[in-house]
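These notes are about the structure you will find just below.
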Amino acid sequence: MIRQVSFAGLSAARRARKLGAGRVLARPAAGRQALAVLALWGLLSGPALAQALGGMDPVSLRDAGRPVGGDAAISTHWKGHEWRFSNDANRAAFEANPGAYAPGFGGNCPVALADGQRHPGEPQYFVVLNGTVYLAGSASARERLRREPAILDLAARAWKKQSR
């Protein structure tokens, strides 16, 4: 039996709890429609969307300047993504101020933004500039960002226009 539930104002995680994880839909014929509805509610997404930074610890990226794999048992949810950490202290630091550790420009490549395009960056091409983690879209974009940090000003202007 499918019950009707109100989801107004609930985050994706709270919607999932309210629905009950692992519930099977009663009408298999409605499978495609149900998947579309779940995707719209933010309950169904690919692993790249669900897991921030490809599972890397964002605190280690910013503070140590090197990628450290996060542990699924030490994670938190923020802005619809699962953020993994290598230890409890890093998770606590992130939870106290997530904006300080999340990638700039919503994880989009600053070089692409400066060129008038919006493309997601890749965690393996991260750069830390002025205490902020940025995700470049390629090795060449990362090198360009390192050589020309003024790109951040152009990217910031483009980000403001595109985020309206």
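Throughout, numbering of the chain's residues begins at 1 and tracks the sequence.
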So which heavy atom on [X] is nearest to which on [Y], and how close?
X	Y	answer
A155	P110	CB-O, 3.4 Å
F85	S75	CD1-CA, 4.1 Å
Q124	R142	O-NH1, 3.3 Å
N90	N87	N-OD1, 2.7 Å

More than 12 heavy atoms of other residues, nucleotides or ligands under 6.0 Å from CZ of R66: is that the case? no
Looking at N130, I'd like to know if its CG atom is crowded, meaning that more than 12 non-hydrogen atoms belonging to other residues, nucleotides or ligands lie closer than 6.0 Å. no
Does the Lys NZ or Arg CZ of R62 fall within the cation-pi geometry relative to Y101 - under 6.0 Å from the ring centre and within 45° of the axis? yes
Is there a donor-acceptor pair under 3.5 Å between the side chain of D115 and the backbone N or O of Q117? no
Mind checking whether P67 and L61 have side chains closer than 4.5 Å, heavy atoms only? yes
Are the side chains of D88 and I74 in touch, meaning some heavy atoms are under 4.5 Å apart? yes
Give the cluster check for V59 versus W78: same hydrophobic cluster or not, with ILVMFWY residues linked at side-chain heavy-atom distances below 4.5 Å. yes
Other hydrophobic cluster members with V111, side-chain heavy atoms of Ile/Leu/Val/Met/Phe/Trp/Tyr under 4.5 Å, chained? F105, L113, V127, L129, Y134, L145, I151, L152, W159
